[in-house]
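Count residues from 1 along the sequence. The analysis underlying the following values was restricted to heavy atoms, covering all of them including side chains, and did not include hydrogens, waters or symmetry mates.
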Amino acid sequence: PGFGNGTPLSFSSFGDSAYQIFSVPVSALSMGFHNLSVRIQDSAGYWSLTQNKVFYVMNNLSGLDAPSLISAEYFFDVDPGLGNGIPVNISSIDTINQIFSAPMSTLDSGLHVFAFRTMDSTRVWSLIKSDTFRVLGCNSPLAAFSLDTSICIGDTLVLNNQTSGTDQYILYQWDMDGDKNYDFSALSDTAFVYSQPGTYSVTLKAINSSIFTFGCVDTLTKSVTVHPLPNVNASAYGNTTFCEGSQVPLSANYGLGYSFQWLKNDTLISNATGALYNAAGAGNYTVEITSFYGCVDTSTSINVIVNPLPLASITAVGSTNICQGSSLTLNANTGSGLSYIWKKNGIVIPNATSVNLTVSEAGNYQVDVTNANGCVNTSAPYAVSVQPVPNAVITSGGTSTICQGDLLNFYGPSGAGYSYQWLKDGQVISGANSVFHPITQSGSYQVIVSNSSLCTDTSTSQTATV
């Protein structure tokens, strides 16, 4: 009816608690089950939680004999239904005050509920009287687990717990080295890491009802072999700082059953699976070694530094075909810290260490260019050819003193591909381009002779008097 609206009860203030017997009229209630609720209010005006009790109102039995109890039954945990419990032998009486035994052999260890009820001569069943109790005892578990029987040092050994037949107080203990001392407990799957190689006994101890002194135990032992990692060492046979185009041999230590994989900057090198590897590129090189048991370890890195080669090239101003007696200047590329050594036909030219080289002989010229890191690059061959110079000599066709009207020819040398230019008193004679020149005037005559290579020679002067 709401707080303060129920039927009041009179009792004195008893401080923190109260105990009092009182009567509640039920004459206005119909036959059947009813609920009696009681609550109290403290001096601060707060109401307590409600305490409820179920009771049953019978028909008015005035003039009739009160019903007697004729049957009783009990059950554990789950109500099987009225009349389906385990019967208890009683006499037809009004009340029961009797001790009897309830077998518990079928009950597992743990908490259970015991329930009891009676039926009267009107075949009405009472409310259930129940209580909770604990069965102190246990069923044996079946210890089971799986693991890898062969691992490597540093690997995590995963222990998959597959134990069955457990109760709510199951405890698992693990002995990882067979010394009969349990190293740790775990409620489910677990893992372990060994720090030393060897063969170890692994024991799982499963304990049901572990909180009691009589816990039921099962154990299972298996073995695991922990293999050592391979002995890994990488070394270089030579200087690890070198010039482009060179390489340094790297070597890994060898062991029975070892396999190898070389890496550069932590990336696998294709087909580099031998104990030796020639490193030609700059980077950090390591080797992974796998043992016969599949255990892998990686070496410390070897840092390889590759210095670039300098540019080496030759240029020249003018034709590489020069005439005998002429010269050509060859120029190497310039740059900071560069030094030079010139070679002709692969042979070092003594004292030719300048950036330029003047040549007058035919041959294949190269220059070795060295940079500040000592790296040397050789240029491509630069071919220089030397062409012969014609011998410009004037031959007179007669005496060099003639009378006016007489005929005299001066002749130059003849040769395949020769061309000519005649001069008189140092001046070009227009149109005088033949191998010979007729003399009609006194003077000093010369001839310039050119061959097919454009090499020229000028004759000495020949005097004619007319």
Side-chain angles (χ1 to χ4, degrees), residues 311-334 338 340-369 377-400 402 407-466:
L311 176 66
S313 63
I314 298 175
T315 58
V317 178
S319 174
T320 57
N321 290 316
I322 64 174
C323 298
Q324 190 173 6
S326 299
S327 63
L328 175 69
T329 299
L330 304 180
N331 302 304
N333 56 287
T334 60
L338 299 181
Y340 309 90
I341 295 177
W342 290 90
K343 295 186 285 188
K344 175 189 173 186
N345 298 328
I347 306 299
V348 174
I349 303 172
N351 302 317
T353 57
S354 175
V355 69
N356 313 111
L357 179 70
T358 300
V359 299
S360 59
E361 298 178 353
N364 288 316
Y365 290 86
Q366 292 175 285
V367 63
D368 289 342
V369 181
N377 195 12
T378 301
S379 70
Y382 198 91
V384 175
S385 60
V386 177
Q387 304 301 326
V389 176
N391 186 16
V393 177
I394 297 176
T395 303
S396 177
T399 180
S400 58
I402 60 172
L407 178 64
L408 174 64
N409 288 328
F410 280 170
Y411 294 91
S414 61
Y418 280 9
S419 62
Y420 307 89
Q421 177 63 62
W422 290 90
L423 298 90
K424 177 179 176 288
D425 299 329
Q427 301 298 314
V428 172
I429 303 171
S430 178
N433 305 117
S434 176
V435 67
F436 68 92
H437 182 68
I439 304 301
T440 60
Q441 295 177 350
S442 296
S444 179
Y445 290 85
Q446 290 175 290
V447 65
I448 299 174
V449 181
S450 299
N451 60 19
S452 58
S453 298
L454 303 181
C455 293
T456 64
D457 191 23
T458 303
S459 70
T460 57
S461 297
Q462 180 74 37
T463 301
T465 303
V466 178

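The CG atom of N331 sits 9.0 Å away from atom OH of Y382, with the distance rounded to the nearest 0.5 Å. The line from CG of D425 to OG of S461 is 8.5 Å long, rounded to the nearest 0.5 Å. Between atom OG of residue S400 and atom CD1 of residue I439 there is a gap of 10.0 Å, rounded to the nearest 0.5 Å. I341 CD1 to T353 OG1: the interatomic distance, rounded to the nearest 0.5 Å, is 8.0 Å. Distance check, rounded to the nearest 0.5 Å: CG of N377 to CG of D368 gives 8.5 Å. Distance check: I402 CD1 to T440 OG1 gives 8.0 Å after rounding to the nearest 0.5 Å.
Between L328 and T320, the shortest heavy-atom contact is CD2-CA, 4.0 Å. Here the shortest heavy-atom pairing between P381 and Q366 reads CA-CG, 3.6 Å. Of all non-hydrogen atoms in A380 and I314, the two that sit nearest each other are O-CD1, 4.3 Å. Heavy atoms only, all atoms of each residue included: V435 and P413 are closest at CG2-O, 3.9 Å. Considering every non-hydrogen atom in both I349 and L357, the closest pair reads CD1-CD2, 3.8 Å. Across all their heavy atoms, G398 and L408 have their closest contact at N-CD1, 3.5 Å.
Not a single salt bridge (Lys or Arg N to Asp or Glu O under 4.0 Å) links K424 to another residue, sequence neighbours left out.
No donor-acceptor pair closer than 3.5 Å links the side chain of S459 to the backbone N or O of Q446. At least one donor-acceptor pair under 3.5 Å links the side chain of N345 to the backbone N or O of N364. With hydrogens and angles disregarded, a donor-acceptor distance shorter than 3.5 Å links the side chain of D457 to the backbone of A392. Panel note: side chain Y411, backbone V393; no donor-acceptor pair is recorded below 3.5 Å. A distance-only check finds no donor-acceptor pair linking the side chain of N356 to the backbone of T329 [under 3.5 Å]. A donor-acceptor pair under 3.5 Å is absent between the side-chain atoms of Q324 and the main chain of E361, judged by distance alone. Remark: side-chain polar atoms of W422 are not paired, donor with acceptor, to backbone N or O of P438 under 3.5 angstrom.
Residues W342 and V359 fail the side-chain proximity criterion, which asks for heavy atoms closer than 4.5 Å. At a threshold of 4.5 Å between non-hydrogen side-chain atoms, the residues K343 and T378 count as touching. For the pair L311 and L338, the minimum side-chain heavy-atom distance is 4.5 Å or more. Residues V384 and Y365 are in side-chain contact: their nearest non-hydrogen atoms beyond the backbone lie under 4.5 Å apart. When side chains are defined from C-beta on, Y420 does not count as touching I448, because their heavy atoms never get closer than 4.5 Å. You'll find the side chain of P390 reaches within 4.5 Å of the side chain of C455, heavy atoms only.
The aromatic rings of Y445 and H437 sit tilted, their planes meeting at an angle between 30° and 60°.
Within 6.0 Å of OH in Y418 there are more than 12 heavy atoms belonging to other residues, nucleotides or ligands.
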Exercise for review: List the steps and the verdict of side chain to side chain contact (heavy atoms under 4.5 Å, CB included) for Q387 and I322.
Suggested key: CA-CA 6 Å; Q387 304 301 326; I322 64 174; over 6 Å; no
Exercise for review: Show the numbers, then the answer: is there a side chain to side chain contact (heavy atoms under 4.5 Å, CB included) between V386 and S360?
Suggested key: CA-CA 7 Å; V386 177; S360 59; over 6 Å; no
